[in-house]
Amino acid sequence: MVKILFVCLGNICRSPLAEGAFTHLVKQAGLEHRFACDSAGTSGYHTGELPDPRARKVAQQKGITLPSRARQLHRGDFYAYDYILAMDKSNLHNIIALKQRVAPDSNAHIMLMREFDPVKDANQEVEDPYYGDMEDFENCFTTVYRTAEALLDYLQKNP
Ligand code: 4NP
């Protein structure tokens with residue numbers, strides 16, 4: 001079983017969308033016995049909250065329900081997950097700093113999620129839509145869904 005944790009800042013916009021997209025693709029492929037995922041935030045600002053209503057709406061339009069409740073990344077995650085995938089470079093920096101402090105012997109692969117994106121751009125980040133509009137959420141969904149497809153493909157080929 002390969003376990004993937006998607007991580008952003010608040011765990012109410014980008015990482016719940018990535019979790020929802022990946023879960024949807026895994027179910028569609030009948031691979032629930034091989035892959036599990038969750039999402040978390042580097043901050044605890046929104047702990048316990050459902051995803052942002054705009055994220056829920058954009059996912060629902062594609063037939064994906066986002067049931068997650070926001071939680072903060074913690075020490076145990078570095079041992080429970082094989083891949084910890086950051087949405088942006090600030091998240092990545094904070095994840096690595098936390099790992100070095102509380103879980104230095106973790107073997108998790110800590111990377112930007114968009115390292116798996118076949119569409120390359122200058123920074124390979126999933127931009128934060130929180131201060132944006134519905135179009136920003138739609139673009140975010142498109143990016144994480146495409147990247148989740150490539151991620152699942154990669155993980156199937158590189159078990
Ligand atoms: P996320 O978006 O990291 O994609 O969940 C954000 C959500 C909340 C905040 C920032 C980004 N905030 O500052 O509260």
Please say yes or no: joined through hydrophobic side-chain contacts below 4.5 Å, possibly via intermediate residues, are [X] and [Y] part of one cluster?
X	Y	value
Ile12	Tyr131	yes
Leu31	Phe22	yes
Leu9	Leu112	no
Leu151	Phe141	yes
Phe35	Met111	yes

**Ion pair Asp38/Arg71, N-O distance below 4.0 Å** = yes
**Prompt:** Should the pair Lys157-Asp153 be classified as a salt bridge under the 4.0 Å nitrogen-to-oxygen rule?
**Reply:** yes
Can a donor-acceptor pair be found, under 3.5 Å and without considering hydrogens, that links the side chain of [X] to the backbone of [Y]?
X	Y	value
Gln124	Arg114	yes
Asp136	Asn139	no
Lys3	Ala36	no
Ser39	Glu19	no
Asn91	Asp88	yes
Arg54	Met134	no

Are [X] and [Y] packed together at the side-chain level, in the sense that at least one heavy-atom pair is separated by less than 4.5 angstrom?
X	Y	answer
Asn123	Asp121	yes
Asp52	Phe137	yes
Leu5	Leu73	yes
Phe78	Leu98	yes
Gln60	Arg56	no
Arg14	Pro129	yes
Glu115	Leu85	no
Glu149	Leu25	yes

[atom1] of [X]: more than 12 outside heavy atoms within 6.0 angstrom?
X	atom1	value
Asn107	CG	no
His93	NE2	no
Gln61	CD	yes
Glu49	CD	yes

**Verdict with supporting geometry, Ile110 and Lys99, side-chain contact (heavy atoms from CB on, under 4.5 Å)** = CA-CA 9 Å; Ile110 302 173; Lys99 183 233 184 227; 3.9 Å; yes
**Prompt:** In terms of ring plane angle, is the pair Tyr145 and His24 parallel, tilted or perpendicular, where the classes change at 30° and 60°?
**Reply:**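 Rings of Tyr145 and His24: tilted, as their planes differ by 30° to 60°.
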What is the minimum heavy-atom distance between [X] and [Y], and which atoms define it?
X	Y	value
Ala59	Leu17	CB-CD2, 4.0 Å
Leu66	Gly20	CD2-CA, 3.8 Å
Asn11	Gly41	CB-N, 3.4 Å
His33	Met1	O-CE, 3.7 Å
Val126	Cys140	CG1-SG, 3.8 Å
Ser15	Phe6	CB-O, 3.4 Å

From [X] [atom1] over to [Y] [atom2], what is the distance, rounded to the nearest 0.5 angstrom?
X	Y	atom1	atom2	answer
Leu155	Ile4	CG	CD1	5.0 Å
Met87	Cys13	CE	SG	11.5 Å
Tyr83	Phe116	OH	CZ	5.5 Å
Cys8	Met113	SG	CE	11.0 Å
Lys89	Asn94	NZ	CG	14.5 Å
Leu92	Thr42	CG	OG1	11.0 Å

**Side-chain H-bond candidate by donor/acceptor type, Asp105 with Tyr79, under 3.5 Å** =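 Yes, a side-chain donor-acceptor pair sits under 3.5 Å.
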**Any donor-acceptor N or O pair under 3.5 Å, side chains Gln72, Thr47** =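 No - no donor-acceptor pair under 3.5 Å links their side chains.
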**Asked** When you look at Val2 and Arg34, which way does the side-chain contact (heavy atoms from CB on, under 4.5 Å) test go after all the steps?
**Response** CA-CA 6 Å; Val2 181; Arg34 286 187 52 196; over 6 Å; no
